[in-house]
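I am attaching a structure below and will ask some questions about it afterwards.
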Amino acid sequence: MGRQVLVIGVGRFGSAVARELERLGHEVLAIDRDARAIEDIADDVTHAIIADATDKDVLRKLGAQDFDVAVVAIGTDERSSILATTLLNRLGIKRVVAKAQNPLHGEILKMVGADRVVYPESETGTRLAHSLTMPLSVSDYFDVGPGYGLAKLSVASFAGKTLDELQLRSRYGVTPLFLRRGDKVIVNPHGSERLTAEDELIVAGKDEQLEKLFL
């Protein structure tokens, strides 16, 4: 069942969140003070409104208090993001996720009611840094803990081979978790699964092991 999600601030980050939520079947209300930003996203979400999310009366009139989740994705205006998060908390929204510019900003957002704080620039930078240390076969990386991660592999050069033949566990010490084949995702793929040139494989392991994949 789809949720009702309020997205405040539809710059690059907020618009990406809003569009993906809509694609996933949720009802999205996008709010921004910038008329051009609202115009750009209006056709991609359920509702898009030019409004000031730092005004409690405005939020109440828009029915913000009835939404399941709110995402505060305001860009560089830290004061506005803190105020909007505070107001959403006071209105009683069940879950508030807020974007932070830096650790201090994030701590303040938590203090005023954010249930979760995200650092998209920092997180993207971390992923990029890790991916640059990985073999060319690794197209993306996700950090899951100190020294551990998930890596997305392009396996075009291994088309026709089975997972068992790649010896991912015995040779590299990594575990295949997902095999994506077009729109189909195979969870915990069997070793007998034969790869095609278009397949993508997601594996888990220690960073030091992921860095040695197919070298």
Side-chain angles (χ1 to χ4, degrees), residues 1-128 140-145 149-150 152 178 185 202:
M1 181 178 178
R3 294 186 175 186
Q4 290 185 311
V5 185
L6 174 65
V7 178
I8 298 174
V10 285
R12 285 179 295 180
F13 173 69
S15 61
V17 172
R19 287 188 172 99
E20 183 64 10
L21 285 167
E22 188 78 24
R23 188 189 70 81
L24 292 171
H26 303 291
E27 183 178 332
V28 178
L29 169 59
I31 297 176
D32 201 296
R33 287 183 289 194
D34 187 333
R36 180 174 294 181
I38 290 299
E39 182 180 348
D40 287 345
I41 203 170
D43 293 336
D44 300 326
V45 296
T46 312
H47 303 288
I49 298 174
I50 303 169
D52 182 2
T54 64
D55 187 321
K56 188 174 182 179
D57 290 334
V58 169
L59 290 175
R60 186 181 287 110
K61 288 178 182 178
L62 291 174
Q65 63 276 6
D66 298 324
F67 280 73
D68 301 304
V69 183
V71 179
V72 181
I74 296 172
T76 57
D77 188 348
E78 295 182 9
R79 179 182 177 279
S80 292
S81 73
I82 292 168
L83 182 53
T85 301
T86 303
L87 295 176
L88 293 169
N89 183 51
R90 290 179 180 176
L91 287 170
I93 291 187
K94 300 173 185 176
R95 187 179 185 192
V96 179
V97 179
K99 171 188 173 182
Q101 301 297 320
N102 51 66
L104 177 58
H105 184 202
E107 287 302 315
I108 295 173
L109 289 169
K110 290 179 183 178
M111 289 171 61
V112 298
D115 298 294
R116 179 183 174 189
V117 174
V118 296
Y119 301 84
E121 287 84 2
S122 174
E123 291 166 3
T124 300
T126 299
R127 289 175 63 188
L128 175 60
D140 203 357
Y141 171 91
F142 182 76
D143 181 32
V144 296
L150 304 179
K152 182 193 290 185
F178 303 99
V185 176
I202 296 177

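FYI, the numbering just counts along the sequence from 1. This structure is a prediction, so every number in the text was calculated from the model and none was measured. Heavy-atom basis, side chains included; hydrogens, waters and symmetry copies ignored.
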Practice prompt. Enter the distance from I108:CD1 to I82:CD1 here, rounded to the nearest 0.5 Å.
Written response: 4.5 Å

Worksheet, complete the sentence: Value for NZ (K152) from CZ (F178), rounded to nearest 0.5 Å, stands at 12.0 Å

Worksheet item: NE2 of H47 to CD of Q4: how many Å apart, nearest 0.5 Å?
Response: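 Here the rounded value is 8.5 Å.
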
Worksheet item: What is the minimum heavy-atom distance between N102 and Y119, and which atoms define it?
Response: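 Looking at all heavy atoms of both residues, the closest pair is O-CE2, 3.4 Å.
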
Worksheet entry | Matching residue for L62 among I49, L6, D57 - test: side-chain contact (heavy atoms from CB on, under 4.5 Å) |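 Per the side-chain contact (heavy atoms from CB on, under 4.5 Å) rule, the option paired with L62 is I49, out of I49, L6, D57.
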
Worksheet item: Rounded to the nearest 0.5 Å, what separation is found between the CG atom of D115 and the CG atom of N89?
Response: 7.5 Å

Worksheet item: Nearest heavy-atom pair of A70 and L88: which atoms, and what distance?
Response: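 Looking at all heavy atoms of both residues, the closest pair is CB-CD1, 3.7 Å.
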
Discussion item. Within the structure provided, determine whether F13 and V118 are in side-chain contact (heavy-atom separation under 4.5 Å).
Written reply: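 With C-beta onward as the side chain, the pair touches.
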
Worksheet entry | Straight-line distance of D52 CG to I31 CD1, nearest 0.5 Å |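 Reported value, rounded in 0.5 Å steps: 9.5 Å.
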
Worksheet entry | Contacts of E39 that satisfy side-chain hydrogen bond (donor to acceptor under 3.5 Å, both in side chains) - sequence neighbours left out | none

Discussion item. For V45 versus A30, what's the shortest heavy-atom pair and its separation?
Written reply: CG2-CB, 4.2 Å

Worksheet item: If every non-hydrogen atom of G14 is compared with every non-hydrogen atom of V7, which pair is closest and at what distance?
Response: O-CG1, 3.7 Å

Worksheet item: Who are the side-chain hydrogen bond (donor to acceptor under 3.5 Å, both in side chains) partners of Q101, not counting sequence neighbours?
Response: none

Discussion item. To check you understand the geometry: which heavy-atom pair defines the closest contact between A100 and V117, and what is its length?
Written reply: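 Answer, listing the atom of A100 first, then V117: CB-CG1, 3.5 Å.
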
Discussion item. Just to verify, what does D44 make a salt bridge (Lys or Arg N to Asp or Glu O under 4.0 Å) with, not counting sequence neighbours?
Written reply: R19

Discussion item. Show me the pairs that pass salt bridge (charged side-chain N to carboxylate O under 4.0 Å, His left out) and involve residues 69-80, at least two apart or across chains.
Written reply: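 Salt bridge (charged side-chain N to carboxylate O under 4.0 Å, His left out) check on residues 69-80 returns R33-D77.
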
Item to complete: Please examine the side chains of I8 and V71, heavy atoms only from C-beta on, and report whether any two atoms are closer than 4.5 Å.
Response: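 They are not in side-chain contact.
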
Fill in: Approximate separation, where rounding is to 0.5 Å, of H26 NE2 and R3 CZ
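Interatomic distance, H26 NE2 to R3 CZ, rounded to 0.5 Å: 7.0 Å.
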
Discussion item. Whether the side chain of T46 engages the backbone of V28 through a donor-acceptor N/O pair (distance < 3.5 Å, no angle test) should be reported.
Written reply: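 Yes, the answer is positive, given that a donor and an acceptor are paired below the 3.5 Å cut-off.
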
Practice prompt. Could you pull out all residues at least two apart from R116 that satisfy side-chain hydrogen bond (donor to acceptor under 3.5 Å, both in side chains)?
Written response: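 So R116 forms no side-chain hydrogen bond (donor to acceptor under 3.5 Å, both in side chains) with any residue.
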
Discussion item. According to salt bridge (Lys or Arg N to Asp or Glu O under 4.0 Å), who are the partners of K94, at least two apart in sequence or on a separate chain?
Written reply: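 Expected list: D68.
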
Worksheet item: When you measure from the side chain of D32 to the backbone N and O of V10, does any donor-acceptor pair fall under 3.5 Å?
Response: yes

Worksheet entry | Close side-chain approach of K99 to P120, heavy-atom, < 4.5 Å | yes

Item to complete: Run the numbers on E22 and V5 for side chain to side chain contact (heavy atoms under 4.5 Å, CB included), then give the verdict.
Response: CA-CA 9 Å; E22 188 78 24; V5 185; over 6 Å; no

Practice prompt. Taking all non-hydrogen atoms of both residues into account, name the closest pair between V96 and T85 and its distance.
Written response: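 The pair with the smallest heavy-atom distance is CG1-CG2, 4.1 Å.
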
